[in-house]
Undergrad: 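Let me begin by handing over the structure; questions about it come next.
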Amino acid sequence: MNKSEIQSEILNKAELRELFTDDLNQIQKEAVLHENGPLLILAGAGSGKTRVITYRIAYLVKFCNIWPSEILAITFTNKAANEMKERVEQLLGFNSRGIWIGTFHSMMLRILRQHADRIGFEANFTILNTDDQQRLIKEIMTELKINDDLLNLRYVQNRISSAKNQMQTWQELEQESGYDNLHKQIVEIYRLYQAALKRGNSMDFDDILVYAVELLQQNADVLDAYQTRFKHILVDEYQDTNHVQYLLVKLLSGKYKNVCVVGDDDQSIYSFRGANIENILNFEKDFKDSKVIKLEQNYRSTQTILAAANSVIKQNAGRKSKRLWTEKVKGDPINFYLAENQYEEARYVATEIRRLTKRGKDPIPAGNIGILYRVNALSRNLEFALREQGIKYNIYGGLRFYDRKEIRDFLAYLRVIFSDNDELAIARIINVPRRGIGDLTIERSRNIAHRENLPLMQVLANADQFPELSRTANNIRQFVQIIAELRTIMLDNQISFPEFARIIQEKSGLLQELIEQKEGGQEQAISRIENLQEILSDTIEFTERTKQEIEQFKLLDENFDQAEVPGLAQDNMDIYCQDLSLYSLMKGFLEQTALFSDLDQEEAENTVRLMAIHSAKGLEFDAVFLIGMEEGLFPGYRSFETPEQMEEERRLAYVGITRARRFLHMTATRSRLLYGQTKYNLVSRFMSEIPDEYIREIGGSRQSNFDNKFGAGNFGGDDSGVRVFGGSYSGTSIPDKSSYSNHSPGGKSKILGSFGLRDKQQANLNKNTKLNLSDISIGQSFKHKKFGIGIIEKIDYVASDAILTLNFNGRIKRMMASSAPLEKN
DNA sequence: GAGGAAGCCATTTTT
DNA sequence: TGGCTTCCTC
């Protein structure tokens with residue numbers, strides 16, 4: 001959107017309408033102007049949905065006598081929320097502060113803080129992040145002495161989380177099925193976990209939504225207040241909402257029914273974390289008399305790219321009917337490159353990127369190029385090749401800033417200084433850096449705290465009074481001393497928050513430890529020190545922002561009659577920080593870091609961006625590289641189990657393809673070294689779903705795996721792929737032999753055997769396969785070193801491998817034939 | 001309680 | 001392959 005076009009301060013209503021007409025197509029306009037009643041906007045990829053939402057908000061305020069504070073707009077991420085705020089402000093031409101724009105979590109948290117007492121919490125309850133959550137669950141499991149191979153931490157965490165997403169309490173989960181021992185154990189962990197959270201006056205992320213629903217369901221007055229206040233509710237990315245979120249939308253919109261949801265069922269890619277595609281598919285049933293508007297004109301991609309995306313996604317059943325179209329040019333064909341191995345694939349990507357950025361006419365800026373992949377592990381090979389070509393890049397995803405150890409440690413110090421009773425935080429840092437206080441001491445101190453009903457910090461402060469702690473009392477005193485000093489500084493309130501943060505890093509010894517590691521030659525320490533500095537700038541930024549926020553609220557206060565503006569008086573109460581004291585700032589900062597995984601990270605300046613396809617949702621690039629288009633990788637081997645999962649993979653492919661504006665490259669390899677194993681994957685089925693006319697093949701046919709019976713041509717003896725590669729990319733050397741170390745001639749001939757597998761389902765020539773595929777059959781029994789005797793119930797053939805579903809005396813396990821430690825019984 | 005060796009296991013991610 | 005956990009020894 002052109003900023004200068006929208007100097008809305010000087011626009012009267014007629015002119016604004018004019019502007020609407022200019023900027024929106026007929027259908028978008030219809031969506032914006034719809035006033036009352038439920039509205040479903042099915043917005044295809046690149047159809048301008050963000051524009052529609054922001055215009056709609058502006059329209060409601062400007063033309064429909066709706067106060068900003070009567071609007072609730074829900075986004076998928078905090079980043080999206082900030083962008084939306086900015087764009088709405090541009091349109092409105094005045095402060096849009098009163099509008100509640102944010103994620104479900106941040107908005108519901110705001111509500112919960114106001115009414116915490118109604119659900120049995122103190123108003124200053126704390127939020128557990130994923131890490132805290134894991135530690136707590138682990139503690140409980142250790143206490144229960146659970147060491148079952150099937151009950152690993154992640155699995156339990158997932159089960160609890162999905163129960164919560166379904167609004168299932170542990171009691172309800174318990175009733176679900178009675179006799180399964182595994183199930184019982186999960187229920188028991190869930191029960192103890194909830195009890196521990198409650199005891200600590202804390203909740204996890206999922207709880208925020210669960211408790212919000214409870215609050216509204218059980219308190220008619222509270223529900224009525226919010227229903228009355230929020231005359232309009234807008235929800236973005238509705239296809240990725242889960243059941244609890246659905247309930248919240250339903251509850252909050254109960255009075256006026258002015259709920260507008262925007263989404264695209266074809267882009268639903270988060271079912272693994274409880275997103276329910278049915279929410280969007282059933283919207284018309286759930287909300288009576290709803291209007292449906294389809295945005296089908298794509299403003300992003302060339303015809304070729306869009307046609308390819310359409311032909312892939314149309315393989316899915318059960319979609320809302322829609323057909324994206326574009327007025328854009330036909331554009332370049334999609335390049336498919338079949339590489340020998342992952343090194344070549346990476347080098348192809350790097351060379352092509354260089355070519356795009358350096359081309360004479362109309363070069364593509366690096367910042368407009370994205371490399372997307374199904375699994376983060378694929379980014380590693382690319383890094384090397386990109387560096388080799390001197391291409392600047394940024395990797396998104398993987399370990400996030402706030403998940404880093406040193407950052408978590410620092411935040412834990414903040415929490416410990418802030419509160420006496422944050423047991424998880426204390427346990428985390430009491431021995432960081434090393435102070436000679438081990439697990440046993442922590443455990444004992446905790447027991448004392450629970451026994452004596454004292455905050456843990458006070459037990460530590462009086463360590464010498466408890467005989468159990470006498471051995472380490474000296475070390476504990478050292479720790480208590482540090483915290484006490486820091487706390488005094490906080491209460492004295494004489495220095496700024498950033499200064500204080502720096503002092504914490506020094507006094508705690510965190511910084512010193514890293515400096516010593518750096519001097520000892522440990523490379524990682526350098527970036528860790530940088531991260532600690534980075535968080536200092538976060539505190540500076542946070543202080544500034546808070547200052548502004550408080551001022552803006554003052555301004556609102558002076559200009560408006562509190563009684564007149566719905567919600568103003570209330571909102572004034574619940575801003576993060578009431579003042580700029582250290583205490584207040586710390587409180588606000590901790591709250592933010594709990595919810596904001598990436599304090600809307602600065603967009604890196606003009607660098608190529610690497611990320612998992614999931615993270616690319618909502619983004620677009622002039623040129624996109626989709627790498628690793630291989631069966632077993634994308635679609636991932638786990639998705640072979642059910643048609644639903646396969647459809648989600650296909651939606652993911654659709655999302656990936658539709659990120660591209662002009663150029664799209666898709667790549668696969670003949671042999672891929674991943675997780676320490678070389679695999680010979682078939683080219684992804686998604687490639688075959690794109691008609692020939694849109695594709696230009698380089699280095700090999702994408703169809704070869706499917707129609708080539710005996711490996712003639714592309715898998716023949718010569719390395720034609722390499723020649724094309726080496727020949728057509730000037731400036732690149734032909735890949736040296738070392739690139740091929742994983743690809744022996746023997747390996748090649750073995751690929752041949754896997755061709756017919758899809759049809760015959762029995763060839764077995766893959767050297768990785770421990771079990772002979774042609775020998776196994778349903779009903780056979782095998783011996784597993786851990787689980788004992790198991791019987792094969794199901795065999796799913798995948799590429800040159802197979803997923804076996806085995807029944808070990810009632811326990812169902814799935815394993816890959818190639819790697820499962822099974823012996824014939 | 002610390003540190004090293006051995007074993008284990010690998011999606012996707014936001015809040 | 002490599003990052004993380006657990007087990008074992010000092």
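Chain A is the first sequence line, chain B the second, and so forth, proteins listed ahead of strands; every chain is numbered from 1. If you're wondering where the values come from, they're calculated on a predicted model, not measured in any experiment.
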Undergrad: Does Thr241(A) use its side chain to pair, donor to acceptor, with the backbone of Tyr238(A) at less than 3.5 Å?
TA: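 Looks like yes, one N/O pair under 3.5 Å.
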
Undergrad: For the pair made of CZ in Arg659(A) and P in dT12(B), what is the distance, rounded to whole Å?
TA: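 In whole Å, dT12(B) P lies 19 Å from Arg659(A) CZ.
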
Undergrad: Please figure out whether Thr130(A) or Thr472(A) has its closest DNA chain B nucleotide nearer the 5' end.
TA: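 Mapping each residue to its closest nucleotide by heavy atoms, the 5'-most match is Thr472(A).
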
Undergrad: Less than 6.0 angstrom separating the ring centers of Phe76(A) and Tyr270(A), yes or no?
TA: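 Ring centres of Tyr270(A) and Phe76(A) closer than 6.0 Å.
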
Undergrad: With no angle test and no hydrogens, is the base of dT12(B) tied to the side chain of Ser615(A) by a donor-acceptor pair under 3.5 Å?
TA: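 No pair found.
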
Undergrad: Using a cut-off of less than 4.0 Å, is there contact between a side-chain N or O of Asn78(A) and OP1 or OP2 of dT14(B)?
TA: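 Checking Asn78(A) against dT14(B): no side-chain N or O falls below 4.0 Å of OP1 or OP2.
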
Undergrad: Are Arg434(A) and dG3(B) close enough that a side-chain N or O sits under 4.0 Å from OP1 or OP2?
TA: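 For dG3(B), OP1 or OP2 has a side-chain N or O of Arg434(A) closer than 4.0 Å.
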
Undergrad: Let me know the distance between OH of Tyr155(A) and P of dT11(B), rounded to the nearest Å.
TA: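 The answer, rounded to whole Å, is 17 Å.
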
Undergrad: Is the aromatic ring of Phe272(A) within stacking range of dT12(B), meaning centres under 5.5 angstrom and planes under 30 degrees?
TA: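 Here the ring of Phe272(A) and the base of dT12(B) are stacked, with centres under 5.5 Å and planes under 30°.
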
Undergrad: If you only use heavy atoms from C-beta on, which nucleotide in dT15(B), dT12(B), dG1(B) is closest to the side chain of Leu440(A)?
TA: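 The answer is dG1(B), which lies nearest to the side chain.
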
Undergrad: Report the nucleotide, chosen from dA2(B), dT15(B), dT11(B), that has the shortest atom-to-atom distance to any side-chain atom of Thr77(A).
TA: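 Output: dT15(B).
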
Undergrad: Nearest-Å distance, CZ (Arg471(A)) to C1' (dA2(B))?
TA: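 Rounded to whole Å, this separation is 12 Å.
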
Undergrad: As a test of reading the structure: which of dT11(B), dT15(B), dA2(B) is closest to the side chain of Arg374(A), going by heavy atoms?
TA: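 It is dT11(B).
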
Undergrad: Would you say a side-chain N or O of Asn152(A) is under 4.0 Å from OP1 or OP2 of dT5(C)?
TA: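 Indeed not, no polar side-chain atom of Asn152(A) lies that close.
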
Undergrad: Quickly work out the Tyr654(A) OH to dT12(B) C1' distance and round it to whole Å.
TA: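 Whole-Å distance recorded here is 19 Å.
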
Undergrad: Considering only side-chain heavy atoms of Lys138(A), which listed nucleotide, dT6(C), dT12(B), dG1(B), is closest?
TA: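 It is dT6(C).
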
Undergrad: Check whether any side-chain heavy atom of Phe589(A) sits under 4.5 Å from a side-chain heavy atom of Leu411(A), and report yes or no.
TA: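 Yes - at least one pair of side-chain heavy atoms lies under 4.5 Å apart.
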
Undergrad: Heavy atoms, side chains only, cut-off 4.5 Å: are Glu648(A) and Glu644(A) in contact?
TA: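 Side chain of Glu648(A) against side chain of Glu644(A), heavy atoms only: no contact under 4.5 Å found.
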
Undergrad: If we ignore hydrogens and angles and just use 3.5 Å, is the side chain of Ser202(A) paired with the main-chain N or O of Leu197(A) as donor and acceptor?
TA: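 Yes: the side chain of Ser202(A) pairs with the backbone of Leu197(A).
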
Undergrad: For the pair made of CZ in Arg154(A) and C1' in dT11(B), what is the distance, rounded to whole Å?
TA: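 Taking atom C1' of dT11(B) as the reference, CZ of Arg154(A) is at 8 Å.
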
Undergrad: Glu649(A) side chain: which of dT11(B), dT14(B), dA2(B) is closest?
TA: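 So the nucleotide nearest the side chain must be dT11(B).
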
Undergrad: On the nucleotide dT11(B), are OP1 or OP2 found under 4.0 Å from the side-chain N or O atoms that Tyr675(A) carries?
TA: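 Answer is yes, contact under 4.0 Å.
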
Undergrad: Distance check: side-chain N/O of Asn376(A) vs OP1/OP2 of dT13(B), anything under 4.0 Å?
TA: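 Yes, Asn376(A) has a side-chain N/O under 4.0 Å of OP1/OP2 on dT13(B).
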
Undergrad: Could you check Thr441(A) against Met611(A) and say which one's nearest nucleotide on DNA chain B is further toward the 5' end?
TA: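 Result of the comparison: Thr441(A).
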
Undergrad: Of all the choices, dT12(B), dG3(C), dA2(B), which nucleotide is nearest to the side chain of Arg380(A) once you look at every atom?
TA: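 For the Arg380(A) side chain, the nearest candidate turns out to be dG3(C).
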
